[in-house]
Amino acid sequence: MKTVRDLKVKGQVVFVRCDFNVPLKEGEIRDDNRIVAALPTIKDLMEKGAKVVLMSHLGKIDHKDPEKCEQDKKKNNMAVVAKRLSELLGQKILFCPATRGEELKKAIYSLQDGSVMLMQNTRYEKGESKNDPELSKEWASYADAFVMDAFGSAHRAHASTYGIPEILKSEGKQTAIGYLVEKEVNALKKVVDVEKEARPYVAILGGFKVSDKIKVIERLMEKCDKILIGGAMAYTFNKALGHNIGTSPFEEDQLEFAKNCYERAQGRIVLPVDCVVADDFDNPTQIKVTENCDIPEGFMGMDVGPKTRELYVKEIKKAKTLFWNGPVGVFEKEQFTEGTITVCKACAELENVFTCIGGGDSAAAVKQFGYSDAFSHISTGGGASLEMIENDGHLPGIDVIGD
Ligand code: ADP
Ligand code: MG
């Protein structure tokens, strides 16, 4: 695959799709990992004398409700990223508040060789998420070359991840992957196709997003020897199997699927057998541990219980390859960290095992508990890493770059 290393782009306008979708808290960047991870590609293009135009989405923008749209735009203004990026690069970079039209065009054409500009949030444009051909065409018209370095967005065929490179390639212009995507692809290969010698292959799935991830389980069942399910997804499974889940969140329309999936897995899906539960999510006043996987009325599951932790450890110990996406409990709250810490510890004790984490919150959890160095690879993309496994190593935003 062509990488940024191979590009000859002196004096050319190079669009770089980055993943600057950083977590924000009260307008401040909570974790700048994703910005730091983009630096090698940016620095290389600066040294090559390109005119570097960076683009990324940040958060979600609701284009249906005009009032909400304005609020979302205010909240997800990319200017904070430009500021942080300037600090990290040790030089001021240009920020262009426009995402289309004359203002953007002028900003791009005024760039000097070796200088960097960041464009406002791509999702300010309604057409971005729809891969709108007109939008892609306009963006592509300003670019001489394109570099894909947003691994976390490579599973989405949007205008900035798919539309632009598709057009540029058809015009015979250079397209390539960046250093971050190259590193991710090389690491994730090891959890996509797992040879006999590298088995058992154990996957741990947790987190909050159920509907996003539940479909992936079907494909993971073909690839993994064991799937340990924790986090919010576990309640949809346990409810589907006839257990009480109290006030825990679950997906009504996935119950049939969950039941069916569990039965077909024939013991390869491991569900929580006990839970740490609380009476309220935001202000828990009563916390208890259940005897089994039934949760009493008025309580919700917040973490896996001690018997489940033991079960997890037993399975993790057998692994030769391991993939983990999603914390198994609400690890941000001190009372519900135990499950996720247990998984961290068990993984850290493995020797000669390829251990890979995918997911922003999972990565944050591992960092918070001091286990970052214990894993072979921590991916910057949650959804993207899961889909890459699901699709046998293919992602639209990477495939479109070509050889
Ligand atoms: P990732 O970013 O690693 O892919 P997700 O975004 O899917 O993971 O989910 C992370 C969130 O899941 C965390 O904020 C965590 O608090 C939440 N979570 C984990 N377990 C539960 C649970 N039992 N109930 C509700 N939320 C949970
Ligand atoms: Mg997340």
Side-chain angles (χ1 to χ4, degrees), residues 19 21-25 30-31 33-34 57-60 151-153 155 188 203-217 220 228-239 243 245-251 254 271-282 284 287-290 293 295 299-305 308-309 312 323-344 347 355-369 371-372 375 377-390:
D19 179 6
N21 186 28
V22 288
L24 299 172
K25 199 175 181 181
R30 202 155 47 84
D31 183 347
N33 262 349
R34 287 184 162 167
H57 79 277
L58 177 59
K60 288 197 172 87
F151 182 74
S153 302
H155 58 312
L188 282 159
I204 306 161
L205 287 187
F208 187 69
K209 302 175 197 160
V210 177
S211 42
D212 283 11
K213 297 181 184 179
I214 205 161
K215 290 276 175 321
V216 181
I217 295 181
L220 284 181
L228 316 182
I229 296 181
M233 208 186 320
Y235 312 121
T236 299
F237 274 89
N238 274 342
K239 188 174 173 64
H243 298 291
I245 59 162
T247 50
S248 309
F250 72 99
E251 305 263 310
Q254 303 290 344
L271 292 170
V273 293
D274 57 355
C275 303
V276 180
V277 299
D279 56 343
D280 188 72
F281 188 90
D282 294 313
I287 298 171
K288 32 186 194 183
V289 179
T290 60
C293 52
I295 298 174
F299 283 84
M300 63 180 75
M302 301 288 280
D303 193 9
V304 296
T308 309
R309 296 200 296 265
Y312 280 2
F323 176 74
W324 179 17
N325 175 285
V328 297
V330 185
F331 75 95
E332 298 92 338
K333 298 181 196 282
E334 220 216 307
Q335 308 96 310
F336 313 110
T337 52
E338 209 55 47
T340 303
I341 292 177
T342 302
V343 173
C344 285
C347 292
T355 52
C356 178
I357 290 187
D361 292 288
S362 320
V366 166
K367 193 170 168 187
Q368 182 181 319
F369 301 131
Y371 287 94
S372 298
F375 288 84
H377 181 69
I378 300 181
S379 172
T380 50
S385 60
L386 268 177
E387 275 194 38
M388 189 155 186
I389 298 173
E390 188 191 354

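In listed order, ligands and their atoms are each counted from 1.
Note on D361: its N/O/S atom closest to the Mg ion (ligand 2) is OD2.
Closest to atom 17 (C) of ligand 1, if we only count protein heavy atoms, is F208 CB, 3.9 Å. When hydrogens are left out, the protein atom nearest atom 7 (O) of ligand 1 is K213 NZ, 2.7 Å; that is the closest non-hydrogen contact. Distance from atom 27 (C) of ligand 1 to its nearest protein heavy atom, with residue and atom name: V330 CG2, 3.6 Å. When hydrogens are left out, the protein atom nearest atom 16 (O) of ligand 1 is E332 OE1, 2.6 Å; that is the closest non-hydrogen contact. Looking only at protein heavy atoms, the nearest one to atom 3 (O) of ligand 1 is S362 OG, 2.4 Å. Among protein heavy atoms, atom 19 (C) of ligand 1 sits closest to G329 O, 3.1 Å. Ranking the protein heavy atoms by distance from atom 6 (O) of ligand 1 puts D361 OD2, 3.0 Å first.
With hydrogens and angles disregarded, a donor-acceptor distance shorter than 3.5 Å links the side chain of S248 to the backbone of G301. In terms of modelled atom types and a separation under 3.5 Å, the side chain of T247 and the main chain of F299 share a donor-acceptor contact. A distance-only check finds a donor-acceptor pair linking the side chain of N21 to the backbone of G59 [under 3.5 Å]. A distance-only check finds no donor-acceptor pair linking the side chain of K239 to the backbone of E251 [under 3.5 Å].
Taking every non-hydrogen atom of G326 and a distance limit under 4.0 Å, the qualifying atoms of ligand 1 come out as 3 (O), 8 (O). Distances below 4.0 Å separate heavy atoms of N325 from the following atoms of ligand 1: 4 (O). Counting the atoms of ligand 1 from 1 in the order shown, those under 4.0 Å from a heavy atom of Y235 are 23 (N).
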For T337 and D303: C-alpha separation, side-chain torsions, deciding distance, then whether side chain to side chain contact (heavy atoms under 4.5 Å, CB included) applies.
CA-CA 7 Å; T337 52; D303 193 9; 5.9 Å; no
Run Y371 and I378 through side chain to side chain contact (heavy atoms under 4.5 Å, CB included) and show every step you take.
CA-CA 11 Å; Y371 287 94; I378 300 181; over 6 Å; no
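Across G326 and S362, no two heavy atoms sit closer than the pair N-OG, 2.7 Å.
Residue contacts with ligand 1 leave out F336, since none of its heavy atoms falls under 4.0 Å from the ligand.
Side chains of D274 and T308: a donor on one and an acceptor on the other come within 3.5 Å.
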